[in-house]
Amino acid sequence: MQHNQSLKNYNTFGINAQATAFVTITSVNQLKNVITTNNNKLPLFILSGGSNMLLTKNIDALVLHIDTKGVEIINEDDHFVWIEAQAGEVWHEFVLQTIDRNLGGLENLSLIPGKVGSSPIQNIGAYGVEIKDTMHSLTALNLETLETETFLNTNCEFGYRESVFKSKLKDKYIITSVTFKLKKAPHELHTTYGAIQQELDFKGITTPTIKDVSNAVIAIRQSKLPDPKEIGNSGSFFKNPVISIDLYEQLIKKNANIPHYPVNNLQVKVPAGWLIEQAGLKGYRKGDAGVHTKQALVLVNYGNATGQELINLAKYVQETVFNKFGIEITPEVNII
Ligand code: EPU
């Protein structure tokens with residue numbers, strides 16, 4: 001166990017916050033031992049990939065850095081394979097392994113930062129696919145009983161960037177492994193969302209494989225999203241807001257080209273990135289905190305921004321968007 005450990009290299013925003021105590025976890029048994037030995041002396045803080053958090057203060061807690069590894073096929077039939085990954089597996093490396101095994105379902109989720117264990121918490125999603133579409137079940141350590149429990153997909157209460165682990169079970173469990181039900185060939189590809197089809201056409205690919213779709217997603221993401229190794233960021237900082245059809249109809253009077261996705265008969269989702277760009281803030285920068293130049297939904301740390309400076313920037317973006325459009329945008333990242 002380390003004391004007063006800097007977390008700068010453990011969060012993709014690159015914020016230099018300190019942890020009072022820090023331990024790297026490589027097995028579930030070690031996890032249980034560490035929790036028992038701590039005996040509630042320090043609050044627990046679960047650190048996975050650190051890719052969806054903004055640290056605004058030092059963490060006076062025992063930080064558990066989850067680094068358990070292992071990927072295993074646990075079942076298969078003629079059409080599907082059930083594959084389990086331990087929580088500390090790097091998400092993108094796991095996705096690439098499934099593609100190498102020619103298992104379909106996760107290819108659109110290529111290159112999302114973070115680790116397997118945190119992927120269900122906010123039901124990660126990209127290019128028309130969310131993990132709720134293929135996640136079969138997960139195991140999680142109940143922090144009160146220290147027993148491992150299984151949650152089936154239907155028990156996770158998944159929604160857009162939401163799950164039960166963000167709401168009523170927040171801080172009550174540590175996810176230890178996730179099992180996906182992936183499809184053997186022939187695959188069902190999702191290429192209609194965003195620029196995937198365009199990217200495939202550009203490469204002259206007419207009958208794409210899951211690897212081709214994965215490569216297309218990687219190329220699109222690399223062209224828009226900053227690499228956290230180069231510029232600190234947490235992907236989309238805000239959620240795309242859901243607004244009423246009434247408000248949407250008022251908005252198109254002034255902005256005929258406003259992009260939107262249907263939600264139901266009464267609501268549509270509009271891209272926060274578009275709203276921020278139209279509010280004139282794409283590329284806006286104050287000190288080392290900025291709005292990304294290529295994708296306005298992403299806030300970036302150009303070097304030494306503090307969590308507080310990024311929060312101030314986020315508030316400014318929220319206010320500016322609200323003043324222009326009357327729409328509230330809310331953070332998608334966890335602010336700590
Ligand atoms: N747009 C702009 N200006 C911008 C950014 C976007 O006008 O600066 C417009 C685009 O032209 C497009 C629309 O907004 O018409 C949507 O943009 P894009 O397809 O890039 O997706 P997004 O809504 O900005 C969401 C997810 C991303 C995910 C992509 C692709 C959320 C909060 N974000 O972004 O997820 O990769 O769709 O599926 O839902 C993440 O969660 O960290 C993340 C990166």
Side-chain angles (χ1 to χ4, degrees), residues 11-13 48-54 91-92 95 106-115 118-133 158-163 166 190-199 213-214 216-228 231-243 248 251-252 255-263 268-285 290-300 314 317-318 320-321 324-325 327-334:
N11 69 99
T12 59
F13 252 125
S48 180
S51 59
N52 200 47
M53 57 167 64
L54 176 59
W91 174 260
H92 180 58
V95 171
L106 299 180
E107 56 280 0
N108 291 41
L109 303 177
S110 298
L111 210 63
I112 294 185
K115 292 191 174 175
S118 44
S119 64
I121 298 176
Q122 61 148 345
N123 179 26
I124 58 172
Y127 304 102
V129 173
E130 294 177 321
I131 77 152
K132 75 166 171 48
D133 305 329
F158 286 128
Y160 167 58
R161 299 292 191 275
E162 285 296 341
S163 79
K166 251 179 115 170
H190 301 271
T191 57
T192 51
Y193 188 100
I196 297 185
Q197 191 56 52
Q198 212 178 314
E199 182 68 26
V213 174
S214 168
V217 167
I218 291 171
I220 299 164
R221 289 187 75 97
Q222 283 175 337
S223 72
K224 286 194 197 172
L225 297 169
D227 180 349
I231 305 177
N233 76 91
S234 253
S236 302
F237 192 89
F238 300 101
K239 289 190 201 181
N240 287 332
V242 172
I243 63 169
Y248 172 68
L251 289 174
I252 42 178
N255 313 272
N257 300 326
I258 182 167
H260 64 286
Y261 313 106
V263 173
V268 292
K269 201 190 271 179
V270 293
W274 186 89
L275 297 169
I276 298 167
E277 180 170 350
Q278 297 303 312
L281 293 176
K282 194 173 190 171
Y284 174 86
R285 176 170 178 172
V291 177
H292 188 47
T293 49
K294 293 184 196 155
Q295 160 57 291
L297 190 52
V298 178
L299 300 189
V300 294
V317 170
Q318 285 172 303
T320 311
V321 166
K324 185 164 168 78
F325 295 103
I327 297 176
E328 247 176 84
I329 53 172
T330 55
E332 192 232 88
V333 301
N334 297 312

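Whatever order the structure lists them in is the order used to number ligands and atoms, beginning at 1. Source: prediction; values computed, not measured.
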Item to check | ligand 1 atoms in contact with Pro259 (distance to a heavy atom under 4.0 Å) | outcome: 15 (O)
Checklist entry - Is ligand 1 less than 4.0 angstrom away from at least one heavy atom of Gln278? => result no
Checklist entry - Glu277 heavy atoms, cut-off 4.0 Å: which ligand 1 atoms fall inside? => result 2 (C), 3 (N), 4 (C), 7 (O), 8 (O)
Checklist entry - Would you say Tyr261 contacts ligand 1, with heavy atoms under 4.0 Å as the rule? => result yes
Item to check | Gln318: partners by side chain to side chain donor-acceptor pair (under 3.5 Å), with sequence neighbours left out | outcome: none
Item to check | Which residue and heavy atom of the protein sit nearest atom 33 (N) of ligand 1, plus the separation | outcome: Ser236 OG, 3.0 Å
Next on the checklist: Using a 4.0 Å cut-off to any heavy atom of Gly235, which atoms of ligand 1 qualify?
Outcome noted: 42 (O)
Item to check | Test item: Ile121 and Asn52 side chains (from C-beta on) under 4.5 Å apart, heavy atoms | outcome: no
Checklist outcome for this item: When distances are taken from atom 20 (O) of ligand 1, the protein heavy atom at minimum range is Lys224 NZ, 2.9 Å
Checklist entry - By number and element, which atoms of ligand 1 are closer than 4.0 Å to a non-hydrogen atom of Tyr160? => result 31 (C), 32 (C), 39 (O)
Item to check | pair Val95-Ile112: side-chain heavy atoms closer than 4.5 Å | outcome: no
Checklist outcome for this item: side-chain contact (heavy atoms from CB on, under 4.5 Å) with Phe237: of Leu297, Leu54, Val298, only one passes, and it is Leu54
Next on the checklist: So, regarding Gln295 and ligand 1 (criterion: nitrogen or oxygen to nitrogen or oxygen, under 3.5 Å), is there a contact or not?
Outcome noted: yes
Checklist entry - Using 30° and 60° as the class limits, which term best fits the ring planes of Tyr127 and Tyr193: parallel, tilted or perpendicular? => result perpendicular
Checklist entry - Taking only heavy atoms of Pro271, which atoms of ligand 1 are found under 4.0 Å from at least one of them? => result 13 (C), 14 (O), 16 (C)
Next on the checklist: The criterion is side chain to side chain donor-acceptor pair (under 3.5 Å); which residues satisfy it with Ser234, sequence neighbours excluded?
Outcome noted: none
Checklist entry - Near Arg221, which atoms of ligand 1 are under 4.0 Å from a heavy atom of that residue? => result 36 (O), 44 (C)
Next on the checklist: Within ligand 1, which atoms have a heavy atom of Phe238 less than 4.0 Å away?
Outcome noted: 32 (C)
Checklist outcome for this item: For Asn240 and Val270 the tightest heavy-atom approach is CB-O, 3.4 Å
Checklist entry - Looking at Glu332, which atoms of ligand 1 are within less than 4.0 Å of one of its heavy atoms? => result 32 (C), 40 (C), 41 (O), 42 (O)
Checklist entry - Side chain of Arg161, backbone of Gly125: donor and acceptor closer than 3.5 Å? => result yes
Checklist entry - Would you say Ala296 and ligand 1 have an N/O pair spaced under 3.5 Å apart? => result yes
Checklist entry - Counting only N and O atoms by type, is there a donor-acceptor contact under 3.5 Å from the side chain of Asn334 to the main-chain atoms of Met53? => result no
